[in-house]
Chemist: 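Dumping the structure here so I can ask a few things about it.
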Amino acid sequence: MITLRAAELVRADLPLVRPFRTSFGVQELREAVLVRVVCDVEGVEAEGWGECVAGSDPFYSAEWGLGAWVLLREVLLPMLAEEPLTTIEDTPAAMSEVRGNRMAKAAAEMAITDAALRARGVSLKAYLGGERDRVECGVSIGIMDSPDDLVAAVGTYLGDGYTRIKCKIEPEADVAFIAAVRETFPDIALTVDANAAYTLADADLLARLDAFDLDYIEQPLAEEELMEHAALARLIETPICLDETIVSAKSAEDAIALGACEVINIKQGRVGGLAEASWTHDVCVEHEIPVWCGGMLETGLGRAANLALASLPGFTMPGDTSPSSRYFHEDITAPFEMAPDGTIAVPTGPGLGVAPLPGIMARVVAEREKVEL
Ligand code: OSB
Ligand code: MG
């Protein structure tokens, strides 16, 4: 039995080492909404932390940090405290009355999972059935001012050891930019992410990317456009990878059945938590769809969860699981570091295996609120 005894919301503001430009805006600050819980786990009191992946504004997804904060405070955390949970896996069902709001739910689930696993001395990797000890690191590069700037940035990241390069694209910053990268680096694993910046009417333009041997093009069209992605898949050779569209294991199943994607990016927050992420993984494995772990500029807390997830056997492509230094001068946990071979170790300690460092939190916490349960 897991009983939620206390909960607190914390916002940590971490400046990014460089601005991150995408087709949905420029981000310079990670405003991470964190959930801290104290649970009674079979008589043992344990603390747990979760991170909400939502951004500062509702431009990537309908959800955003401030909305998640209010929902966690007013609805989700009080709902989870109503009665004890029999097992960790009961957590999503205990919130199922609330429609959508998957990123907020995922943050609460992560905190409870962390607390319960800490009390039991089990790592998240072991709990999820992870197999890898180390995970390959890709990097997601924001839109640059010119093809030359992008080539320079790619060169720097390759020098650091990243094993896959993903470039954000948007109309006017696509074919010429990617042509320059491919010409300079003929053999690298290269992908692009459009964050829904195109429409099916752009199919001819997107087909020009076929010349660059991309592993995939990520989310070319809008979130809801399942049929249009399936149509686009018939017009271009580059495999389509879906990100925003995949909000559950069921939606992955539907997208695969329709031929809307050949690759899937799993983000635990986007699909509503770690349990749903592992079910989504299972669907992909069953259909032989390669998966990789997406990222949302998380702090070390969300990063730890992503690494544990990425250690599952179906995660066969390098994901956006970059080391702390790609994002922040100073992370809130002990920093995740990439080895020269371009891999990061999956945490093995109980729960997430990392926790916020009080000295750093004292500098970066912008807001804190106790939740009335
Ligand atoms: O589309 O994958 C995305 C960051 C924020 C929101 C959406 C996305 C991203 C990234 C960065 O691409 C991935 C990362 O390194 O965390
Ligand atoms: Mg994406």
Side-chain angles (χ1 to χ4, degrees), residues 14 16-33 51-65 68 102-103 106 135-144 150 153-154 157 160 162-170 173 190-198 214-223 229 239-247 255 261 263-271 277 291-307 309-310 317-328 331 336 338 342 344:
L14 301 181
L16 296 176
V17 293
R18 59 192 76 82
F20 185 60
R21 185 173 143 207
T22 63
S23 58
F24 59 89
V26 182
Q27 208 172 328
E28 296 187 26
L29 182 69
R30 166 76 181 139
E31 296 178 292
V33 171
E51 174 169 355
C52 182
V53 301
S56 305
D57 37 48
F59 301 160
Y60 159 81
S61 59
E63 280 188 273
W64 60 308
R102 293 177 170 90
M103 294 176 185
V135 166
E136 275 186 71
C137 307
V139 63
S140 172
I141 306 179
I143 296 167
M144 298 285 161
L150 179 59
V154 170
Y157 285 117
D160 291 342
Y162 290 95
T163 60
R164 174 282 252 148
I165 299 291
K166 156 171 147 183
C167 301
K168 294 286 187 179
I169 57 167
E170 67 179 355
L190 182 63
T191 75
V192 295
D193 185 359
N195 286 111
Y198 298 88
L214 304 178
D215 286 351
Y216 48 80
I217 174 172
E218 183 177 342
Q219 197 70 39
L221 314 178
E223 184 176 325
H229 277 106
I240 292 174
C241 169
L242 290 176
D243 172 356
E244 285 90 326
T245 299
I246 307 299
V247 296
C261 62
V263 177
I264 284 179
N265 150 348
I266 299 181
K267 292 176 178 169
Q268 60 80 28
R270 198 195 59 225
V271 300
V291 281
W292 55 274
C293 186
M296 298 276 285
L297 314 176
E298 291 94 339
T299 73
L301 292 173
R303 195 154 307 283
N306 288 347
L307 290 165
L309 190 63
M317 296 180 122
D320 291 344
T321 44
S322 307
S324 299
S325 61
R326 182 256 171 269
Y327 309 94
F328 316 115
D331 206 333
F336 283 96
M338 178 169 70
I344 299 192

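Owing to the predicted nature of the structure, the values given are computational and were not obtained by experimental measurement. We count ligands from 1, going down the list as the structure has it; atoms in each ligand are counted the same way.
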Chemist: Give the minimum heavy-atom separation between S324 and D331, together with the two atoms involved.
Modeler: OG-OD2, 2.7 Å
Chemist: Determine the sole option in Q219, E218, K168 for which the side chain to side chain donor-acceptor pair (under 3.5 Å) test with N195 is passed.
Modeler: K168
Chemist: Could you check D193 against Y216 for side chain to side chain donor-acceptor pair (under 3.5 Å), going step by step and ending with a plain yes or no?
Modeler: CA-CA 9 Å; D193 185 359; Y216 48 80; over 6 Å; no
Chemist: Does any part of the side chain of V53, heavy atoms only, come nearer than 4.5 Å to the side chain of R270, both counted from C-beta?
Modeler: no
Chemist: Mind running side chain to side chain donor-acceptor pair (under 3.5 Å) on E223 and T245 for me, showing each step along the way?
Modeler: CA-CA 4 Å; E223 184 176 325; T245 299; over 6 Å; no
Chemist: Heavy-atom cut-off of under 4.0 Å around ligand 1: list whichever protein residues fall inside it, by chain and number.
Modeler: F20, F24, Y60, S140, K166, K168, D193, N195, E218, D243, K267, G295, M296, L297, D320, Y327
Chemist: Run through the protein N/O/S atoms less than 2.8 Å from the Mg ion (ligand 2) and write them out by chain and number.
Modeler: D193 OD2, E218 OE2, D243 OD2
Chemist: Restricting to non-hydrogen atoms, name the atom on F20 and the atom on I141 that form the minimum distance, rounded to 0.1 Å.
Modeler: CE1-C, 4.1 Å
Chemist: Restricting to non-hydrogen atoms, name the atom on T321 and the atom on I344 that form the minimum distance, rounded to 0.1 Å.
Modeler: O-CD1, 3.7 Å
Chemist: Decide salt bridge (charged side-chain N to carboxylate O under 4.0 Å, His left out) for D320 and K166; before the verdict, give the C-alpha distance in whole Å, the side-chain angles of both, and the deciding distance to 0.1 Å.
Modeler: CA-CA 8 Å; D320 291 344; K166 156 171 147 183; 2.6 Å; yes
Chemist: Below 4.0 angstrom, N of the basic side chain to O of the carboxylate: do K267 and E244 qualify?
Modeler: no
